[in-house]
Structures are given as structure tokens and as C-alpha cells.
Amino acid sequence: MAAIHVIQGHLKLLLGHFQLDSGEFELPLQGVTVLFGRSGSGKSTLLRAISGLDKQTEGLLRVNGQVWQNGKHSLPTPQRHIGFVFQDAALFPHMSVRQNLLYGLKRLPKAERKAAEADFEGIVTRVGIADKLDRGVNFLSGGERQRVAIARALLMRPKLLCMDEPLSALDWRSKSELLKLIEDVVAEYRIPMLYITHAPAEVERLADRVVFMKDGRIETIETLQEALARPDSPLFDDQGAVSVLHGQPLPSQEGLHPIRLGSDTLWLSEGADTQREQVRARILARDVSIALSDPKDLSVINHLYCEIVELVESAAPRLLVRLQMQDGQKLFAEVTTHSARRLGLQPGQKVYALIKAVSLTE
Amino acid sequence: MAAIHVIQGHLKLLLGHFQLDSGEFELPLQGVTVLFGRSGSGKSTLLRAISGLDKQTEGLLRVNGQVWQNGKHSLPTPQRHIGFVFQDAALFPHMSVRQNLLYGLKRLPKAERKAAEADFEGIVTRVGIADKLDRGVNFLSGGERQRVAIARALLMRPKLLCMDEPLSALDWRSKSELLKLIEDVVAEYRIPMLYITHAPAEVERLADRVVFMKDGRIETIETLQEALARPDSPLFDDQGAVSVLHGQPLPSQEGLHPIRLGSDTLWLSEGADTQREQVRARILARDVSIALSDPKDLSVINHLYCEIVELVESAAPRLLVRLQMQDGQKLFAEVTTHSARRLGLQPGQKVYALIKAVSLTE
Amino acid sequence: MLELFGTSVNLAPIWLTLEVAAITTVVLLLLGTPLAWWMAKMRSSNKVVLEALVALPLVLPPTVLGFYLLIIFNPTGPVTEFLRFFGFEGQLTFSKTGLVIGSVFYSLPFAVQPLMHAFEAIPQRLLDAASTLRASFLDRFFTIVVPLSQRGFLVAATLAFAHTVGEFGVVLMVGGNIPGQTRMVSIDIFDHVESLEYDQAHILSAMMLIFSLCVLMLVYGLNRRFGVKVG
Amino acid sequence: MLELFGTSVNLAPIWLTLEVAAITTVVLLLLGTPLAWWMAKMRSSNKVVLEALVALPLVLPPTVLGFYLLIIFNPTGPVTEFLRFFGFEGQLTFSKTGLVIGSVFYSLPFAVQPLMHAFEAIPQRLLDAASTLRASFLDRFFTIVVPLSQRGFLVAATLAFAHTVGEFGVVLMVGGNIPGQTRMVSIDIFDHVESLEYDQAHILSAMMLIFSLCVLMLVYGLNRRFGVKVG
Amino acid sequence: PAMADTANIAVAANFTKTIEEIGQVFEKQTGHQVKFAFGPTGKLYAQIKNGAPFDAFFGADEKRPLKTAEDGIGIEKSYFVYAQGQIALYSAKYPVAEHALEVLKEAKFNHLAIANPKTAPYGERAEAYLQKVGLYDGVKAKLVNGESIAHAFQYVVTNNAEIGFVALSQLVDPQSPVYQKGQYWIVPQSEYKPINQGAILTQRGANNVAATAFMEFVKTPKAIEIIQRYGYNVQ
Ligand SMILES: Nc1ncnc2c1ncn2[C@@H]1O[C@H](COP(=O)(O)OP(=O)(O)OP(=O)(O)O)[C@@H](O)[C@H]1O
Ligand SMILES: Nc1ncnc2c1ncn2[C@@H]1O[C@H](COP(=O)(O)OP(=O)(O)OP(=O)(O)O)[C@@H](O)[C@H]1O
Ligand SMILES: [Mg+2]
Ligand SMILES: [Mg+2]
């Protein structure tokens with residue numbers, strides 16, 4: 001009576017002085033699950049254990065009803081039908097791009113191979129490496145290498161896609177291009193994904209749920225909304241509090257790209273993909289200002305009518321203001337204690353949240 | 001009649017397929033000079049040529065009146081009295097931190113050594129590695145390694161300090177700590193510095209002047225103000241236009257840290273060092289909004305009265321508005337064309353620039 | 001027979017030497033590869049013992065090694081008996097088989113050490129990546145490990161070959177210097193010296209030297225040029 | 001003389017062997033270090049030729065090498081004349097000097113190759129950093145290169161030592177087998193075999209084997225443990 | 001001959017050329033084939049003892065061929081002495097032809113080469129001779145030991161030793177590098193125990209027609225003439 005469409009288990013692995021002991025866990029085999037935690041907390045080790053790449057793994061692992069690990073007995077990696085994208089791409093240096101891509105294909109059973117070969121053109125074009133197929137992989141930039149790695153994994157039509165910090169070695173431009181690519185790929189191919197990253201921005205953009213790890217254990221598993229709801233979330237360590245708003249993209253007007261949030265409209269200067277049903281807008285709390293009345297002669301275009309839910313002490317002299325929008329979504333604003341006092345902010349008060357169009361990122 | 005307090009010369013170096021040919025250049029031997037340019041433009045090569053680390057260098061180089069390079073003849077690096085901080089610290093792996101620090105000291109002439117030894121405590125404490133002196137360098141974090149490398153270079157009391165991307169291998173937290181450290185060190189020890197970085201934030205924070213490099217040539221040498229004045233500056237490729245305002249720090253009030261800009265005051269939430277005469281505030285254009293009247297009931301605390309100098313077309317649907325503050329300093333604001341039309345913005349108009357305290361960084 | 005500078009040189013030992021060296025090299029690569037892989041992946045302290053054992057033929061004077069091989073391989077000895085059991089006929093010593101076995105022992109460290117170092121240098125991630133691309137162990141070995149270790153194989157093969165060509169003690173002891181069967185160049189040179197035919201000795205030595213120099217230069221040249229960088 | 005299992009073993013050749021091997025190792029390190037450094041820094045295609053030349057002693061049968069050394073070292077020959085010029089007296093052959101020179105030739109590749117690889121692996125930045133800290137070339141060499149190449153030195157020293165201990169042909173040819181002066185263990189074992197004193201041969205061989213195994217294990221063990229990671 | 005056969009014969013290295021010449025004549029006369037394997041006698045013995053496929057063994061002394069008989073490999077009754085080596089004192093520098101003993105007595109040379117007395121009969125006889133005439137202690141410090149008589153000869157030829165006890169056969173060979181160069185003095189056979197070189201047939205060779213024929217052939221006048229020409233005595 002093994003549950004399907006879930007990964008469940010309890011994995012242990014001793015590496016030198018480091019002990020991974022995940023504890024019992026269960027994850028839906030659907031959408032994007034991000035592993036998040038400090039360096040050395042065992043994220044990579046857990047992902048390798050799940051992939052069967054470490055022979056010393058022990059414990060139990062069931063994926064989609066199939067036993068992958070039982071005590072010391074483990075299903076060999078080639079039979080797990082997973083895809084894996086490593087931080088540094090791990091392309092085979094003695095092969096061309098095409099040979100790298102075909103390496104896995106050739107090892108598929110015949111029926112699957114046919115289907116995969118039919119996908120080849122599509123995926124290669126989608127990932128943007130169609131014109132680089134015959135290059136040696138040593139002549140690719142870091143971003144191109146990762147594209148090839150992603151295509152190589154996708155071509156295998158894996159049942160689970162694992163990515164270990166696929167973007168961390170890249171410069172910001174390649175990073176943002178590839179993030180978009182991964183997002184699209186997730187939406188298009190609907191492959192469940194386990195994704196490791198240090199960057200909260202990537203979590204907020206991709207994650208459906210977050211697995212927080214610490215000292216080799218899984219601390220909690222939360223949905224993205226839960227993870228973003230608590231002001232002390234580890235996701236906020238870097239750039240401060242962040243809100244992620246879900247909305248429906250609308251056709252663009254006057255060069256701006258509106259998205260619908262219940263009865264409100266949020267104007268983005270960067271285009272969201274209108275094909276999609278839902279998009280996410282990521283808003284840094286420090287980019288949100290609060291006005292008591294609706295200001296008229298201001299260049300800021302997004303004025304959202306909200307109610308103050310709570311004032312949370314943050315690092316002085318700053319306060320975190322939790323706002324509730326008309327459609328019920330939560331929004332953080334960061335203001336100085338000075339301003340809060342001056343404006344007399346308090347829970348229950350109705351205010352306008354001002355967000356510059358340009359400070360939105362999707 | 002060689003000029004003192006300048007670096008002047010014309011360096012050439014052929015490395016495989018890459019040709020460095022700096023062209024004639026002259027740089028004041030004072031403050032921080034940043035080398036900026038795309039990857040592969042020859043920044044590191046030029047710095048190595050200036051340091052005498054590449055034996056095949058040719059051309060002419062005079063530093064502070066002394067000839068460092070004349071044709072193929074070059075002054076050996078150990079006699080140039082420079083300090084060099086490499087991207088990966090380049091600590092000697094077989095020595096403890098203390099041994100690394102003393103390596104150079106032991107090789108100084110007696111008189112200088114005495115003085116340097118007297119500095120030891122001070123520098124080590126300043127750099128924050130006093131409690132790690134007896135560790136092996138392999139047991140340091142990336143940030144700590146760079147601290148040691150910086151201390152090692154400072155202890156030599158170099159006449160010129162060269163840094164090749166000293167922060168690029170670090171995570172954001174170590175980065176910001178070390179940037180502060182370098183800034184302080186520059187102010188305290190007044191050592192002229194050549195600094196390579198890819199990050200505009202570092203340029204804006206540290207640079208007195210910028211050497212823009214391209215394809216092995218020096219394209220232009222500009223002061224930071226000049227480099228930031230043109231809307232198409234290469235420094236803006238990453239996060240869009242940026243303004244750097246110079247001001248005098250004032251004592252903090254109500255947890256906020258004001259700095260004086262002529263008759264205006266800018267409120268920062270992060271503390272600037274009040275010991276310093278002058279500090280820089282770095283403001284992203286997209287964090288600046290424009291209001292026609294001075295809004296009262298708004299959490300934004302900085303309302304600066306400005307005149308619109310110019311409207312610059314940027315990537316649609318955005319406009320770059322160049323503002324002049326009352327003390328004459330320039331400030332960029334980024335607004336949507338939609339907002340600009342709605343507010344009827346045009347050159348000569350008096351407006352208020354709104355800047356959230358929290359969006360300032362120093 | 002070849003006439004060179006008015007001296008006739010018997011080429012048979014040269015061909016035999018090349019043949020034995022070639023076979024030895026092949027055998028060494030076949031045996032050395034799994035051994036080197038196993039050693040490269042070993043973590044325990046046994047590795048040290050194994051490394052020392054593999055290096056041992058370096059220390060033993062070849063004649064001593066030859067003497068013991070002679071005793072071990074003797075037709076009524078345990079090794080031969082053991083092989084008999086599997087249907088082996090004939091004799092290990094005084095035959096090409098014996099020469100090859102002796103040379104394999106003698107040149108073992110020269111093949112195993114470079115291979116082991118090459119294997120140790122292959123990044124685990126590449127093998128992991130191949131695993132997730134459904135390549136089995138042998139599949140990974142032949143499609144990833146072997147191509148990426150080609151430098152190691154090249155060095156191992158050259159050293160093994162060169163060392164076998166230059167071998168003397170073991171060959172003389174185990175082989176028995178039988179013309180056309182076990183008389184290799186090194187012994188032939190020695191014989192010429194013994195029987196005062198210095199001219200032949202000089203010519204043979206020069207031929208060996210030049211040939212070896214060419215082979216070595218070729219290998220080191222290739223090594224520099226087409227070494228695939230892993231990274 | 002030592003009584004072992006009722007057989008008396010003359011220890012003099014053992015001491016001599018250790019002495020010659022030790023001196024040879026020292027000389028090889030002294031000569032091999034600059035040569036290896038020079039080769040490590042070489043860019044041109046001459047490097048290939050040099051690498052091949054250094055590897056050549058591998059290919060030559062030691063007895064052949066020994067024979068040519070006899071010709072070259074003879075008291076009226078050019079090498080001795082050359083050394084005379086520098087005040088050298090006496091004779092190269094039949095002396096420890098000759099043994100050492102012969103062994104140095106023979107074991108050259110074993111010292112130079114590991115050193116060269118160790119030197120090639122030292123990151124240029126570390127030397128650059130030392131330069132900016134006012135260290136001159138020799139200073140950098142002894143304070144950075146040498147400590148970071150200790151593995152290379154260890155391997156070079158062991159291989160050179162082991163190979164000299166196991167050497168036979170060159171020593172036999174050049175040494176003159178003078179008891180107490182040039183009779184090394186390998187020759188001693190050989191003589192015992194020749195004169196049918198197999199017991200002594202077995203005992204000596206066993207001693208050599210065990211000793212060598214211990215030395216090798218020690219070295220490979222150290223190698224794993226205190227190898228400084230460069231990075 | 002009705003049945004031509006091939007024999008493998010192990011021969012002491014010093015006898016290489018002599019036996020090759022005898023072999024050629026033998027092959028021409030009988031149609032049999034003989035293949036020779038050369039090497040130091042001790043090594044050949046070790047090989048034979050460990051099953052080397054030799055039909056006959058021509059040693060450089062008597063001891064080791066006889067020992068094969070003791071081991072049950074050699075056939076004792078086939079044993080015979082096929083040659084006697086002669087010792088000569090050779091030098092390119094000193095007048096040994098006329099004044100051999102004076103040269104040895106003065107001992108002005110740096111090195112006197114002999115074969116290893118422990119392993120080579122030539123060396124042993126040379127040493128015994130020196131002791132007998134009372135010169136051993138005077139030259140003891142200058143002795144260098146070649147591993148074989150050929151090796152001792154190389155020392156002399158390459159000038160590393162100015163003087164040495166070598167085999168007469170090495171001097172009278174027209175191909176010898178010192179042929180008609182320098183001076184030599186043949187140590188009178190009466191002064192030392194004969195260097196008998198013994199040959200023996202092995203069990204394996206007993207049924208080999210070529211081997212038995214060759215053993216006989218070596219005793220014929222034609223063979224003896226060749227052996228003597230190369231500087232050996234025949235009883
Ligand atoms: N093969 C190994 N042998 C011994 N210890 C190991 C090994 N691999 C990893 N470790 C240790 O396990 C711990 C967890 O490593 P892991 O790579 O899983 O962390 P991580 O969360 O992925 O960190 P990062 O964010 O830096 O990638 C670290 O302390 C690391 O030193
Ligand atoms: N030793 C060398 N031999 C051959 N080419 C070299 C060598 N060192 C550098 N180059 C080449 O010189 C060019 C400039 O390199 P350099 O390191 O100076 O660039 P950079 O501006 O510092 O780039 P980055 O920002 O990536 O550090 C590059 O194309 C590089 O490939
Ligand atoms: Mg990791
Ligand atoms: Mg660079």
C-alpha cells in the first residue's frame with residue numbers, strides 16, 4: 001500500500017565526520033521542491049542519497065510506490081530514471097555537445113528512445129543550443145554548459161529531475177536567463193523537481209515547497225507560502241523580507257504589463273508570459289512604502305489598498321509591516337520606526353502600499 | 001623630469017592569442033583606481049604586467065619617477081614594493097596564518113621591518129584575524145582567507161596595492177564585510193590602489209577613477225563622477241543607472257543616520273562612519289520616485305527638492321530622469337514612460353525625489 | 001640478417017624483443033587496468049600495502065627476481081601444476097610464455113602506477129552524471145574512464161614497453177637464451193660482448209637507442225598535444 | 001658476519017649497498033631538482049626531446065649501459081680527463097665514485113619524473129604572491145616550491161633509492177666486485193647463486209625484500225597522510 | 001642421415017665462438033641442427049635444474065656439469081672434458097711477455113683484473129697461481145673481479161685495468177680487439193690445476209640423435225682442431 005506520487009523515506013549516510021540522518025519525510029512527487037539550508041547542512045548529500053549516487057546510503061526510500069532503498073540494498077542509479085544537473089554541468093569533456101546529449105538517449109530502451117529522439121529538436125531549440133551542437137564542450141561559456149546539462153537531463157524524460165545549485169557558478173546575466181529557462185521547462189514538461197540553491201530569489205521564483213535542512217537533518221518541510229509567512233524565515237537572511245504575490249497576467253497596456261490580484265491590478269514593467277495562467281511577482285519588503293492617503297502626483301504607479309495586520313520588530317531602526325491586500329494575499333513592507341511613529345501606523349489601519357513598477361521582478 | 005605620484009607608461013604583452021597593448025596611459029598614484037571591463041578584456045593581464053609578474057612584458061612603465069619597465073628590461077617584482085591580493089588569496093598552504101603574515105616581513109630591510117613589526121598588532125586587529133593567527137590556512141573560510149591576504153599585503157607597507165577581484169569568490173555576507181574593510185583600509189593607510197572588479201557596486205563604493213578596458217586596450221580613464229554621469233556607462237549594465245552622492249555624516253538621530261548634502265539631509269538606516277569626513281551613498285535609479293508636490297503622509301522619509309535636467313530614453317517602457325539637487329549633485333530616477341506622461345515631467349521642472357531610507361547602501 | 005657498416009646483424013632477436021614487449025604491454029594493460037582501478041578507489045590502509053607490493057619489482061635485482069621466477073615456474077612447481085589443472089600444456093620457463101610472464105612481473109609498477117594516477121584524477125561527478133544517464137559500470141568505464149585516461153594509458157604502455165625492451169636479468173634467467181625462441185636483443189648484445197664481437201654489440205645498441213628515443217619522443221609529444229583536459 | 005638459520009651471512013655488501021644508494025639518492029636529488037625545474041618550466045618542443053632523453057635509461061639493458069660506461073669511464077677516456085682537469089684523482093671504475101655515477105645515470109628518470117610533475121603542479125599564483133612579498137628566486141624555491149613538492153621529493157627519493165638498491169648490471173659492470181668496496185648486495189646474491197650457495201641467496205633476498213617492503217610502505221603511508229594539499 | 005634432429009645445448013659463455021664454429025661444421029656434416037644457449041655456467045645450471053629444455057650442457061668447469069648428474073638430470077657416463085682453458089697474463093702497457101713475474105712483483109699498476117675466483121674457474125686458478133708464487137699479498141689490494149672471464153677481459157680491453165689474467169682464447173681470436181696488440185704471457189699449464197671444461201648429456205638429450213651425435217663429434221679431430229685454434233688445450 002505504498003503511496004504513489006510521493007517520495008517517502010528516511011535516509012542515513014555517514015561521510016567521514018558528517019552524518020546525514022534525514023528523519024522520516026514525505027514529499028509530493030509534483031512541482032518544485034527546493035532544498036534550502038546553510039552550507040554544509042547536507043543538501044547535496046541528501047540529493048545524492050536520493051539519487052543513489054552514494055553506495056553507503058542506508059535507510060528506506062520509496063518513490064512513486066517503487067522501492068529505491070531498503071536497508072543497505074539500493075536500486076542502482078541507472079534504473080531510477082532520474083535526471084541530474086550538477087553545479088558545474090559535469091559535461092563529458094571528450095565529447096561534443098551532440099555526443100553529450102545523445103549519451104543518455106542511446107542507453108534508453110527502444111520504445112523510449114524513439115520518443116526521446118522525436119523530442120530532440122524541440123528540447124534543443126527550447127534550451128537554446130541548437131546552433132552549438134557540434135562544438136566541443138570546452139568551448140562553451142558557463143551558461144551554455146548548463147543549458148547543455150539541462151537538455152541532456154530533459155532528453156532522458158526522467159521521472160524526477162534533481163538539480164544541485166545549477167546556477168551558482170554563473171554570472172548574473174546567465175543566471176537570470178537560465179532561471180527563466182528552468183521555470184519554463186518546469187511549466188512545459190511538468191517533471192517533478194528537487195532543486196538545491198542558496199539564493200532566496202530562486203526559491204521564491206521556483207519553489208512549490210521548501211525543505212529546510214540543518215546539520216544533516218530535515219528541519220521542516222513547508223509550502224512556499226508558509227515559508228514566506230513567518231518574518232524570521234531563513235529565506236529572508238539575505239535581502240530582508242520578501243513577499244511573493246500570485247496573479248493572472250493581463251494583456252499589456254502602454255508598455256506596461258498588468259497582473260490581476262483579485263480586484264487590484266499590479267503593473268509590471270517587465271513582461272510576464274501571458275500564456276501562463278498564473279505568475280509570481282517577487283517584492284522586496286524594502287521596496288514597499290506606505291501612504292495614509294492615495295497620493296496623486298507621484299511617479300509610483302502601484303497603489304494597493306491594504307489593511308495593516310501586524311507590526312513586527314525587525315533589526316532597529318526598521319519595522320516590518322505585514323499588510324493584507326484586498327484579495328487576501330499578504331504583503332510585507334519595511335519602514336523605519338521613525339516613519340511608523342510619524343504616520344502613527346497600527347494594526348487594523350487601512351493604508352496604501354506603494355510599489356514602483358520597476359522594482360518588481362518576475 | 002619624470003613625474004612623481006603618477007604611474008605612466010605603455011605596456012605590451014603577448015600571451016598566446018591574446019595581445020595586451022595598453023596604449024599610453026597616465027594614472028595618479030593616489031586613491032583607488034578600478035580596472036573595469038568584460039571578462040577577457042585583459043584586466044588581470046595589465047595588472048600582472050604592472051606588477052612585473054609576467055616576464056614577457058615589454059614597453060615602458062614609470063611609477064613615482066622610478067623606471068619599472070624599459071623595453072624588455074624590467075625591475076624584478078620583489079623590488080617594486082607592491083602588495084598584491086589575488087582572487088583566491090594565494091595563501092601558502094603549508095604555513096599557518098602567522099607564518100603567512102610574517103613571510104614578507106622577514107624579507108624587509110631592517111629599518112622597515114621594525115616599523116612593520118610595530119604595525120603587526122594593529123593591522124591584524126583591524127583586519128579581524130587576531131584570534132586566528134595560529135590556524136592552518138586550510139581551516140579558514142573564504143572570507144577569512146581574503147582577510148589574511150589583505151593583512152599580508154598591508155604589512156609590507158607597499159607603495160602600491162594591487163587587488164585582482166579580491167571579493168568575487170565570496171558569498172554576499174563576506175563580500176559586504178570585506179568591502180567595508182577595504183574601504184576603511186584605504187581611508188586609514190592611504191595606500192594607492194589598483195583594483196579589479198566586475199561588480200559596479202564595488203566600483204561605485206571604492207573608485208576614485210575607472211580604467212575601462214576592452215580587447216586588451218585601455219579605452220578611457222574617467223573619474224567616478226564622469227563614469228557615472230553618462231547614462232550609457234558600462235557600470236550600468238547590471239542593475240541599471242546608479243547615482244553616487246557624496247555627503248558629510250552627521251550624528252545619528254532616532255536610530256537613523258543622516259548625511260548632509262549641501263542644505264539637504266539624506267537619512268540612512270544603516271550607519272555611516274561619522275569619523276570620516278565624507279561618505280558615499282549609492283542610490284539605484286529604480287529606487288528613486290518622483291513627486292510633484294511634497295507628500296506628507298508617506299513612509300518614505302527622504303524627500304529631496306530637485307530640478308529635472310534631462311529625460312533620457314532607456315529600455316522601454318522606462319525613462320531615466322536626470323535630476324539636479326540643490327547642492328548641485330546629480331541624481332538619476334527611473335520612472336515608466338506612463339508615469340512620466342501622467343505627471344507631465346519635463347526639463348526645468350521642480351520636483352521632489354523620494355528615496356526610501358532603507359534603499360540606501362553605504 | 002642485415003649488413004650494416006660491413007657487419008652482419010641478426011635481426012631475429014630484435015623481432016622477438018618487439019614481439020615479447022608488445023605482448024607484455026598488452027597483458028600488462030589488461031591486468032593492470034582492473035588492478036589500478038581497484039587501487040584508485042581503495043580508501044583503506046591496505047592501499048599502502050598494495051602500493052608497496054606493486055612497487056616491489058623495482059627494488060629487486062632482475063636476476064634475483066628471475067631466479068625466483070625460475071624456481072616458482074619450474075615444471076613440477078605449484079604454479080605449473082595449477083595451470084596444468086586448467087589444461088595448460090607445456091612449460092612456463094624457456095618459452096615465450098615464460099618471457100612474457102617474467103616481464104609482466106618485472107614491469108608491473110610501470111603500468112599500474114600511471115594508470116592509478118590517471119584513474120584517481122577522473123572527477124567522480126562525471127561518473128555520477130553517466131550513472132544518471134543510465135550507463136552501467138562497464139559502460140561508464142569504457143565510455144568515460146578509458147577515454148579520459150588516455151594519457152595514463154599512453155604513459156603506462158610506453159613505460160611498460162620500454163622497460164621490457166631494456167630488460168635483461170629476468171629474461172636471461174627465465175628465458176634461457178634460446179636462439180629464435182627466447183633470445184632477446186638485450187641478451188644478444190650481451191652475447192656479442194662476451195664473444196668479443198664488439199661491432200655487432202655497438203650496432204645493436206645504437207639501433208635500440210635510436211628506436212627507443214623515437215618512440216619516447218613520439219609518446220611525450222602526443223602526450224602534450226592531445227591530452228584531454230578534464231574540468 | 002651474521003648467523004641466520006644456521007647460515008652465515010656477510011653483512012658488508014648490505015651496508016655498502018645502503019651507502020651507495022643513499023649517496024646516489026642525494027646526488028640525484030641535487031642534480032635532478034634543477035633539471036626537473038627547468039623541464040617543468042619549459043614551453044618549447046625541446047621539452048619533448050629532453051623528456052625522452054631522461055627516460056632513455058629505462059630502455060637500455062643495464063649491462064649494456066654498464067659496458068658503455070666502462071668505455072667512457074676508462075682512465076684515459078674523456079670523462080676522466082675532464083674530471084682530472086678539476087683536480088679529480090684516481091679512477092672512476094672500480095670505485096664507489098664510479099658506482100654512484102653509474103647508478104645516477106641509471107636511476108635518473110626515477111628522480112626527475114616525479115619532481116617534474118610535482119613542480120608542474122605548483123600554482124603560479126603562489127610564486128607570484130611570494131614575489132610581491134619580496135622573495136627572490138632562490139628564496140621562493142626553498143620556501144614555497146620545496147615544501148609544496150615534498151610528495152614529489154619523497155617519491156623521487158624512494159624510487160631512486162629502491163632502484164639503486166635493486167640495480168645489478170651497471171654495478172656489476174663498473175664496480176669490479178671488490179669485497180668491501182664495490183661488492184653490492186645484488187652482486188652478492190648473484191655470486192651465491194652462481195656458486196650454488198642457494199641458502200645464502202635466499203636469506204639475502206628475503207632480507208632485501210622485507211626491508212624494501214617496509215621502506216616502500218612507510219613512504220606510501222607518509223605520502224597519503226601528510227601530503228600537503230595545494231589549493 | 002636418415003633422421004635429422006635438432007638439439008638444444010647450453011654452453012658456457014666463454015666458449016661461444018668456438019662451439020658455434022664446431023656447430024656449423026657438425027650441421028654441414030650430419031644434417032642435424034644444433035641450437036646453442038649461452039650464459040654464465042651457474043645460471044645455466046640453475047636453469048637446467050629447474051627444467052630447462054637442454055639436451056646437453058657444456059660448462060666452464062667440471063663441478064656444475066657433474067652436479068647435474070648428481071641431481072639425476074645429467075647422464076654421468078656421458079660426461080667428458082671437452083677442453084682445457086689456458087690462463088694468460090695480458091697487458092697493453094707492461095712487458096709481460098718477457099718479465100711477467102717482475103711486473104707482478106713490482107705491482108706498479110693500479111688494477112689487476114681477474115675473473116671472480118668464487119664463481120669462475122679462471123679466476124680461481126689465477127688466484128691460486130698468485131698464491132703459489134707468493135705474489136698474492138702484493139697484488140691483493142689491486143685485484144678487480146670480473147663476473148666472468150669475459151668480463152675480466154673487458155676491464156683490460158677498455159683500459160680500466162692495465163693488466164689482467166684472461167683466457168688465452170680471448171687473445172688468439174682474430175676478431176679479438178687486442179689481437180696482436182699488447183703483450184701476453186701464457187701461464188705454464190704445470191703451474192695450475194687444469195681448467196677442465198666438462199660436457200654432459202642430459203636425460204632429455206639421451207634420446208636426441210642430434211645431441212648424442214654432437215657429443216661424439218666434439219671428440220673428433222676436426223673439432224679438436226677448432227678447439228685448439230681458439231686457444232684451448234685438449235687432453
Ligand atoms: N565524501 C565526503 N567525505 C567526508 N565528508 C564529506 C564528504 N562529502 C561531503 N562531506 C561533508 O558533509 C557535509 C555536508 O556536505 P554537503 O555537500 O551535503 O553540504 P551542502 O549542504 O550541499 O553544502 P553546500 O551548500 O556548501 O553545497 C560537509 O560538512 C562536508 O564537509
Ligand atoms: N598564460 C596565458 N596564455 C595565453 N592566453 C592567456 C594567458 N593568460 C590569459 N590569457 C588570455 O588573455 C585574455 C585576457 O585575460 P585576462 O585574465 O587578462 O582577462 P580579464 O580581463 O582579467 O578577465 P576576467 O574578468 O575573466 O578575469 C583572455 O582571453 C585569456 O584567455
Ligand atoms: Mg552542496
Ligand atoms: Mg582577471
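Order of the sequence lines fixes the chain letters, A, B, ..., with proteins taken first and strands second; residue numbering starts at 1 for each chain. All heavy atoms count here, side chains included; hydrogens, waters and symmetry mates do not. Not measured: the values here are computed from a predicted model.
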Check: Taking non-hydrogen atoms and a cut-off under 4.5 angstrom, which of residues 13-20 of chain C neighbour chain D?
Finding: none
Item checked: Atom pair NE2 (D:H202) and CD1 (C:I71), whose distance is rounded to the nearest 0.5 Å -> 4.5 Å
Item checked: Proximity breakdown for D:F110 and chain C, heavy-atom pairs closer than 4.5 Å -> side chain
Next item on the list: For D:K96, look at atom NZ and say whether over 12 heavy atoms of other residues, nucleotides or ligands are found less than 6.0 Å away.
Entry: no
Checklist line | Nearest heavy-atom neighbours spanning D:M217 and C:V48 | finding: O-CG1, 3.2 Å
Note to self: More than 12 heavy atoms of other residues, nucleotides or ligands under 6.0 Å from CZ of C:F119: yes or no?
What the structure shows: yes
Notebook entry, point to check: Which atoms of D:Y68 come close to chain C, meaning under 4.5 Å heavy atom to heavy atom: side chain ones, backbone ones, both, or neither?
Noted result: side chain
Would you mind writing out the side-chain donor-acceptor pairs for residues 52-59 of chain D within the sub-3.5 Å range, not counting sequence neighbours?
none

Check: Which answer fits D:L213, side chain, backbone, both or neither, if we ask what part of it has an atom under 4.5 Å from a heavy atom of chain C?
Finding: both
